[in-house]
2 protein chains.
Amino acid sequence: MPSNVRARTDPAIETARSVVETGLDSGAVVTIFGECTVEYDGRAASTLGPGDRHVMCKPDGTVLVHTDEGHQPVNWQPPGCTHEVSITDDALVLDSQRDNPDERLVVTFDAVEHVAAFDVTDPEELSLSGTEEDLRQRILAEPSLIEPGFTPLATERETPAGAVDIYGEDGDGRAVVLELKRRRVGPDAVGQLARYVEALQRDLHAETGVRGILVAPSVTDRARSLLAERELEFVALEP
Amino acid sequence: MPSNVRARTDPAIETARSVVETGLDSGAVVTIFGECTVEYDGRAASTLGPGDRHVMCKPDGTVLVHTDEGHQPVNWQPPGCTHEVSITDDALVLDSQRDNPDERLVVTFDAVEHVAAFDVTDPEELSLSGTEEDLRQRILAEPSLIEPGFTPLATERETPAGAVDIYGEDGDGRAVVLELKRRRVGPDAVGQLARYVEALQRDLHAETGVRGILVAPSVTDRARSLLAERELEFVALEP
DNA sequence: GTGTACATCTCGACC
DNA sequence: GGTCGAGGTGTACAC
């Protein structure tokens, strides 16, 4: 059985170029480790001087440049880019570009210390729970978690300010807007709820006010006082 | 000169364990490629069935699990975690945990096709331009970009709703709040500006209203109408 | 440590 | 293709 991996440590530059080019052409995930500089120009612009980094090129056009710290790549290119590899002045150059927006990432390796091409077979999808969608399902299955008498009427109900997570009415027939968050919320969520309540109020020409309820595990102090100022409510609930 | 890289293709499982453990202990960036399953439990919870993935462990405690698609890792652990590697039932198991919040990621490799440890030396910092901070500097250097007579008085001015990007006054001495965005803005930015304007209005007990100006390259239609409803303004400006 | 807002955010869904 | 909001968001910075 042939290996799914083609790798070289401290390769000659032409060998490195070959592994990368062959890998990219065959739809492999290609990684390059070595001393490099990185130039980026697009939505923003950046430069990164010489240092050791790990670069990953995916067959979907993604590029990721990782240092030894942090979850986030120091530089990257999103899916959909086209990469080219070449040798210029004894350096291995990876050039990744895209349109809309016009963006370009160029990684120049003075020295390649490792290169690898991985044939990836991954049939599985991630199964994730504990999302906002789970919270929504919980409430729709048991509306009394919000308060006795609450009745959901629609999800994703459109308003001039955007779609409301859950729209319904309370035991007295008043319109209720729910904004759901899977985690502790700050002022931004209050602003969002306030927008929806105001928009719906205008839209319905309601005589009685539209109630707005923020549903989340907890709120910060500032968010709580913003809720109070706007006469909005809070219900503690987890996904 | 000894190589900065220790790598093995299709290693025996004990060899793989040794390279990973030695690498983690020495502060190297360690990568493992092979067929694995992934279990995560923490802020949310997830499972991922068998497939080929590329796993990177950084010396700061970061773990990244990448498939062949997308910018984002399919699973990960943020910096600050402690990882352990072991062999259980002929599988290589990577166990990464942290407290606050309690989170655990377990990657189980049925087969390791490649393993590598990279000694990283990276003295450079990223130099980035085109950020919101650049836009702020541009306005402070030339306030008339907002409008003739505008005078900045403070940045990060605190209000009960949060800190205002730039606070100042117009040619008539009216208070002005600027909210800056480096890119095209939607309804969320309008909500943010509205919160600040309302909070400052209350705070100042101003007789004349506080003006709110959104400064960004452009706005969506919905954001524009929300601005109009709230009598907020827009100035087109890029970073 | 928590709170707050930015980010080349990315990503998916819907229009 | 643009708009919109979620995200296990991560990240820096202020309190």
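Letters A, B, ... mirror the listed sequences (proteins, then strands); counts begin at 1.
- How far CG of Leu145(A) is from CD1 of Ile139(A): 7.0 Å, rounded to the nearest 0.5 Å.
- Looking at the side chain of Arg43(A), the nearest of the listed nucleotides dA6(D), dC6(C), dT10(C) is dT10(C).
- Distance Asp60(A) CG to dC11(C) P: 8 Å, rounded to the nearest Å.
- The phosphate of dG8(D) (OP1 or OP2) has no side-chain N or O of Arg98(B) nearer than 4.0 angstrom.
- Counting only heavy atoms from C-beta on, His71(B) has its side chain closest to dT10(C) among dG8(D), dT11(D), dT10(C).
- For the pair Arg222(A) CZ and dC15(D) P, the computed distance is 10 Å after rounding to whole Å.
- For Trp76(A), taking side-chain heavy atoms from C-beta onward, the closest of the listed nucleotides dC4(D), dT10(C), dG8(D) is dT10(C).
- Spacing between atom CD of Glu133(B) and atom C1' of dC9(C) amounts to 18 Å, rounded to whole angstrom units.
- With hydrogens and angles ignored, no donor-acceptor pair under 3.5 angstrom links the side chain of Asp221(A) to the base of dG3(C).
- A donor-acceptor contact under 3.5 angstrom links the side-chain atoms of Gln77(B) to the base of dG8(D).
- Atom CG in Leu126(B) sits roughly 14 Å away from atom P in dC9(C) (whole-Å rounding).
- Arg98(B) is listed as a side-chain neighbour of Pro78(B), based on a closest heavy-atom distance under 4.5 Å.
- Nearest nucleotide to the side chain of Arg182(A), out of dT11(D), dT8(C), dG7(D): dG7(D).
- Candidate nucleotides dG7(D), dA5(C), dG8(D) were compared by shortest atom distance to the side chain of Glu132(A), and dG7(D) ranks first.
- Residue contacts shown for Glu69(B) are absent, as no nucleic acid heavy atom lies under 4.0 Å away.
- A straight line from CG of Asp99(B) to P of dT2(C) spans 12 Å, rounded to a whole angstrom.
- Contact annotation for Glu156(A): no contact, since no heavy-atom pair falls under 4.0 Å across all strands.
- Considering Glu231(B), Glu169(B), Glu147(B) as possible partners of Arg211(B), the one that fulfils the salt bridge (charged side-chain N to carboxylate O under 4.0 Å, His left out) test is Glu147(B).
- Within a 6.0 Å radius of CD in Glu125(B), no more than 12 heavy atoms belonging to other residues, nucleotides or ligands are found.
- Across all strands shown, Gly130(A) has no heavy atoms under 4.0 Å from either base or sugar-phosphate atoms.
- In terms of phosphate contacts, Gln72(B) brings no side-chain nitrogen or oxygen within less than 4.0 Å of OP1 or OP2 of dG8(D).
- Nucleotides dG8(D) and dC4(D) are separated by 22 Å at their P atoms, to the nearest Å.
- Ranking dG3(C), dC4(D), dA7(C) by closeness to the Pro187(B) side chain, first place goes to dC4(D).
- Under the 4.0 Å criterion applied to side-chain N and carboxylate O atoms, Arg136(B) and Glu156(B) are assigned as salt-bridge partners.
- Side-chain polar atoms of Glu103(B) and Tyr40(B) form a donor-acceptor pair below 3.5 angstrom.
- Between the CG atom of Leu128(A) and the C1' atom of dT9(D) there is a distance of 12 Å, rounded to whole Å.
- Minimum atom distance to the side chain of Gln192(B) is reached by dC6(C), of the listed dC6(C), dG2(D), dC4(D).
- Map Asn100(B) and Lys181(B) each onto its nearest nucleotide of DNA chain C; the residue landing nearer the 5' end is Asn100(B).
- Position along DNA chain D of the nearest nucleotide to Gly162(A) versus Tyr40(B) favours Gly162(A) as the more 5'-ward residue.
- Closest to the side chain of Asp165(A), out of dA6(D), dT8(C), dC4(D), is dA6(D).
- Taking the six-membered ring where tryptophan is involved, the planes of His71(A) and Trp76(B) are perpendicular, since the angle between them exceeds 60° and thus also 30°.
- Taking only side-chain atoms of Tyr196(B), from C-beta outward, the nucleotide of dC11(C), dT11(D), dA5(C) with the closest atom is dA5(C).
- The number of heavy atoms from other shown groups lying within 6.0 Å of CD (Glu158(B)) is above 12.
- Heavy atoms of Ala161(A) sit under 4.0 angstrom from primed sugar atoms or phosphate atoms, though from no base atom.
- In this structure, Asp110(B) CG and Thr37(B) OG1 are separated by 6.5 Å, a value rounded to the nearest 0.5 Å.
- In this structure, Pro101(B) reaches neither bases nor backbone, as no heavy-atom distance under 4.0 Å exists between it and the strands shown.
- Among the atoms of the strands shown, base atoms are found under 4.0 Å from some heavy atom of Arg183(A).
- Using a 4.0 Å heavy-atom distance criterion, Thr131(B) is classed as a sugar-phosphate-only contact.
- Rounded to a whole Å, the CD atom of Glu158(A) is 9 Å from the C1' atom of dC15(C).
- In this structure, of dT3(D), dG7(D), dT8(C), it is dT3(D) that holds the atom nearest to the side chain of Arg184(B).
- A donor-acceptor contact under 3.5 Å is not formed by the side chain of Asp188(A) with the base of dT4(C).
- Among the protein residues, Arg195(A) comes within range of the sugar-phosphate backbone only, with heavy atoms under 4.0 Å from sugar or phosphate atoms but none that close to a base.
- Across the P atoms, dC11(C) and dT11(D) are found 16 Å apart, a figure rounded to whole Å.
- In this structure the side chain of Leu200(A) reaches within 4.5 angstrom of the side chain of Tyr167(A), judged on heavy atoms.
- Per the geometry, CD belonging to Gln137(B) stands 16 Å off P belonging to dC6(C), to the nearest Å.
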Fill in the blank from the handout: For DNA chain D, the expected dot-bracket line (Watson-Crick or G-U under 3.5 Å, [ ] crossing, | inter-strand) is |||||||.|||||||
